[in-house]
Amino acid sequence: MTNPANAPTLIEKTFDPAEHEARRYADWEANGCFRPARPDAEPITIVITPPNDTGSLHIGHALDNTLQDILIRWRRLQGRDARWVVGTDHAGIATQMVVERQLAEAGAPSRTAMGREAFVEKVWAWKAESGSTITGQLRRLGASCDWANERFTMDDGLNAAVTKVFVQLFKDGLLYRDKRLVNWDPKLGTAISDLEVEYREIDGHMWHFRYPLEDGSGFLAVATTRPETILGDGAVAVNPDDPRYAHLVGKRCRLPLVDRLIPIIADSYVEADFGSGAVKITAAHDFNDFEVYKRHPEANIPVINLMNPDATMADTCPPAYRGLTREAARQKVVADFDALGLLEKVEPHRHQVPYGDRSGVVIEPYLTDQWYVDAATLAGPALAAVRDGRTRFVPASWDKTYFNWLDNIQPWCVSRQLWWGHRIPAWYGPSLTEDGFLNYNLSDYSKNKMFVAENYEEALIEAIAYYRNMNSEILLVENPFVSMNSNLNPDVLSGKIKSQIHIWRDTDVLDTWFSSALWPFATLGWPEQTDDFACHYPGDVLVTGFDIIFFWVARMMMQGLHFTGEVPFHTVYCHGLVRDAKGQKMSKSKGNTVDPLTLIDRYGADALRFTMTAMETQGRDIKLDEKRIEGYRNFATKLWNAARFAQSNGISGGGPETAPEAQHPINRWIIGEVGAMVTACDAALEGFRFDGYADALYSFTWNIFCDWYLELTKPLLADGGDAALAEETRSVAGWALDRMLVALHPVMPFITEELWHKLASRDHDLILAAWPDAAAIVRDEAAKAEVDWLIGLVSEVRSARTELNVPPSARLGYATEGASAVTLERLAANAPAIERLARIAPLSEPANTGGRLQLVVGEAVFVLPLEGVIDLAAERARLEKARSAAEKERESLAGRLASPGFVERAKPEAIEKARADHDARAGEADRLAAALARLG
RNA sequence: GGGCGCGUAGCUCAGUGGUAGAGCACUGUGUUGACAUCGCAGGGGUCGCAGGUUCAAUCCCUGCCGCGCCCACCA
């Protein structure tokens, strides 16, 4: 697109990122640059890790999205149809909690008081209000997402996909209702999955209680960390091989407080040498106990659910405990045992306690009906895909984590007792009894007839078929568990009235990760067979934190393979966590979080991005020190000033993409160096070595382009010089600068775009420029050898001058000894540069003896007379140091060459190189020795 | 109890079977018209410890020590 506003303008003296970042981003987005029309281009697709829609950008997002943006921008510059699929996640629990808290703070009616419909409306309102915060912040970071196709996990398309998947899994027998123990969060009043439970080690107690034996012959001591669950004990278990208790197995004991007789059973789960060796079995409140219960049907162990959903004690407890919190119940049980003289002892005990990762309260194993996905079956293909390499992890070691989890995967509980999310597409109605009555089962949700369908109309069709003989009207009502009194005629419920059949929808919503798992294909239009889907699925690489391999990556693999038959992405790049400068995990409670937006304000988005990139080494967390960001802000300033210098010397961008024809070695050299830099960038990015990419850019820009090339061009551009050479230099410098900007653009998009326009009148933005083809850039080895020699000479002179305290401004003369014809030619050709950078010039007369600075550079010795100025002792020390270094190295090489094993077994090239190095070092040492001798 | 990762210059980290690197910090020095958010130069490491393989080990193998993370049902 033509943009007259982009005509070259003077580069300001001060670099101010805030001045242009927002403007540049708006331009890109307005001009459709993030996804230009490229009908024939090869697609490449990355899906964003959808952030919480109502959240805000934290430093982890900054890392994650910088890396993705680099890959996308690099591919876009290569001409690919690079699509970064973007969108946000509805984040069920998190969002519902936020809105509930806001209602509470505002003194508004609570969620339950206002009812489901009104509450869900409130959440949508909150989304409308704050949903653009994070997407705006991603823009500030510079993320070049395909915003034109932004998605949301609860938009119509995703909703359709979720429903489709749910119904299909159900039909495939891979999704089912089951009554079993779940991790119950009493604060949130919902089940959560295994992954949402975090175990914390706490200093608790182990209580030892005595249970009287039925026959009065004594007591059996049990140990527990959870006395309140005693009220639900159904058995006591001992190890079958434990001689202490062998005679008790099969007998019964009396459960105090409850006064219930419970069996004593043997199960190898019990460890004889832990606690008392006897374990109380509370099947409804402990996962292990539930397994024991299932293994011992003969014992008729009762399963007693002791608690209400909020973890207060239920009516299944003895009256004295009902309504107590579980904490109060624990105290009372202990006190009551003590009063009965049945508390044997209590000892401190450090143990793991499950907490809800969102609510922070202790999780209760709880017996409920929930929906489960048969994850073990879906895991098979997901495991195979990584085992056979269709998807690979980078770094590769993460595949072990993935395998280990999937190999041991448990059924995935996907229902949540929440209101914000995808409501489960299952409808229930009364079951038909054999004698033709309607049976509404209100005490056991699962005993009713269930219709799973993609929408109510289809469920209704199924219902009509099921109830076809009833001749009744079918009516949709709210859940009878909640509102039956208002909605349902008791006579209807009892089946007395057959003219109406009430059906109701499942009240639960799905785990947020259920929809996230569909993200790579549902965002592309699936289940419709869209062009987008055909073109952009499977994706290329997924970039994400290792912490959500289980939550998200594994589940995308499972669902992707099941529903599309293909892996959702070929590579999973896992980066680490961003920690503070001391290596501490950032957390709000610790107060050590850093806000990426503040950093952007302070240093610019480019500096933050470059920092993240440079520090992203595979397999390591990032310790973020603000000093690093400052350093890369300085790097941006350096780049800015280099461009400003170029501009002031008549160097501009906008020339052809192919390198200009150049004669001068310095220009031929820099062209080759650009090629080497691009090669290094390509290799780094292809291998996901973000640090390597940053290194290649940094060292080229600063140490090669600025420190040497620009300095070396100064004499070439000087007034009164060779006009043709100056022109060649301007065009090469402009070309090199342009390529440098393009190579830097993926990581520093803002400053590079800004300079791109300031340096030339362009008909296109840099974001759509062409990435250089490294292979097409000529590397002139002779030019490289010459400039390397030149750099070596200048460095040598500078170093010697400093060490001998020669005043920086002093110009010295030099003569050479033993210089080859090539060296003499080079000296002549580069005289102006040498004079400028090293402050030395050839002597018109031969060097006399006496005080002299002597430098060995290659085969030549440079002699710089310094009569009267030189500190002879210092010069002697300097030469001796250089000589001994060369000699030491020569000896090491000689040793290697003298070793029979080396000569016989090392590669011929290695031997050849060792010989050459040895000879070079020997020559250098000799020349230095001679120089020392001359010094006297 | 399993699994993974880390231990290289004061700090943060790269790296390679054959002379140890970067950034920052530090020291000295410099206003040579791009840049003091800078230039130039310099000091600084027995590459955690001990064995083994090898002509050669910081790199490969084994063990140990220290640190971190993940998974796991010890009531």
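- Checking the phosphate oxygens (OP1, OP2) of B/rA14, a side-chain nitrogen or oxygen of A/Thr617 falls inside 4.0 Å.
- With C1' as the reference atom, B/rC6 and B/rG48 are 11 Å apart, rounded to whole Å.
- Under the Watson-Crick and G-U wobble criteria, each requiring two contacts below 3.5 Å, nucleotide B/rA75 is left unpaired.
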Contact list (N/O, under 3.5 angstrom) for nucleotides 22-30 of chain B vs protein:
none

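- The gap from the P atom of B/rA20 to that of B/rA9 amounts to 15 Å, rounded to the nearest Å.
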For nucleotides 71-75 of chain B, give me every protein contact, N/O to N/O, under 3.5 Å, one pair per line with atom names.
{"from": "B/rC73", "atom 1": "O4'", "to": "A/Asn288", "atom 2": "OD1", "distance (Å)": "3.3"}
{"from": "B/rC73", "atom 1": "O4'", "to": "A/Asn288", "atom 2": "ND2", "distance (Å)": "3.4"}
{"from": "B/rC73", "atom 1": "O2'", "to": "A/Asn288", "atom 2": "ND2", "distance (Å)": "3.1"}
{"from": "B/rC73", "atom 1": "N1", "to": "A/Asn288", "atom 2": "OD1", "distance (Å)": "3.3"}
{"from": "B/rA75", "atom 1": "O2'", "to": "A/Ala223", "atom 2": "O", "distance (Å)": "3.2"}
{"from": "B/rA75", "atom 1": "N6", "to": "A/Glu271", "atom 2": "O", "distance (Å)": "2.6"}
{"from": "B/rA75", "atom 1": "N6", "to": "A/Phe274", "atom 2": "O", "distance (Å)": "2.5"}
{"from": "B/rA75", "atom 1": "N1", "to": "A/Glu271", "atom 2": "N", "distance (Å)": "3.1"}

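- The backbone N or O of A/Arg579 lies less than 3.5 Å from no partner atom in the side chain of A/Lys585, so there is not a single donor-acceptor pair.
- Cation-pi geometry between A/Arg180 and A/Phe290 is not met: the NZ or CZ atom fails to fall both under 6.0 Å from the ring centre and inside 45° of the normal.
- Residue A/Arg689 places at least one side-chain N or O closer than 4.0 Å to OP1 or OP2 of B/rG15.
- Comparing atom distances between the A/Lys400 side chain and each of B/rG42, B/rG15, B/rC4 picks out B/rC4 as nearest.
- Mapped onto RNA chain B by nearest heavy atom, A/Val794 and A/Asn649 fall at different nucleotides, with A/Asn649 at the one closer to the 5' end.
- If you check B/rG30 for Watson-Crick or wobble pairing at under 3.5 angstrom, you find it paired to B/rC38.
- Of the listed nucleotides (B/rA34, B/rC4, B/rC6), B/rC6 has the atom at the smallest distance from the side chain of A/Arg620.
- Look at CZ on A/Arg579: it is 10 Å from P on B/rC13, rounded to the nearest Å.
- Contact annotation: A/Lys13 side-chain N/O to B/rA34 OP1/OP2 distance is not under 4.0 Å.
- In this structure, A/Asn634 reaches the B/rC38 phosphate: one of its side-chain N or O atoms is under 4.0 Å from OP1 or OP2.
- If A/Lys714 and A/Lys585 are placed on RNA chain B by their nearest nucleotide, the residue sitting closer to the 5' end is A/Lys714.
- Across the strands present, B/rC6 finds its partner in B/rG66; the criterion is a Watson-Crick or G-U wobble pair with both atom distances under 3.5 angstrom.
- The separation of B/rG17 from B/rU29, taken at their P atoms, amounts to 42 Å, rounded to a whole angstrom.
- Nucleotides B/rC65 and B/rA50 are separated by 15 Å at their P atoms, to the nearest Å.
- When heavy atoms are screened at a 4.0 angstrom cut-off, A/Lys638 is found touching base atoms of the nucleic acid.
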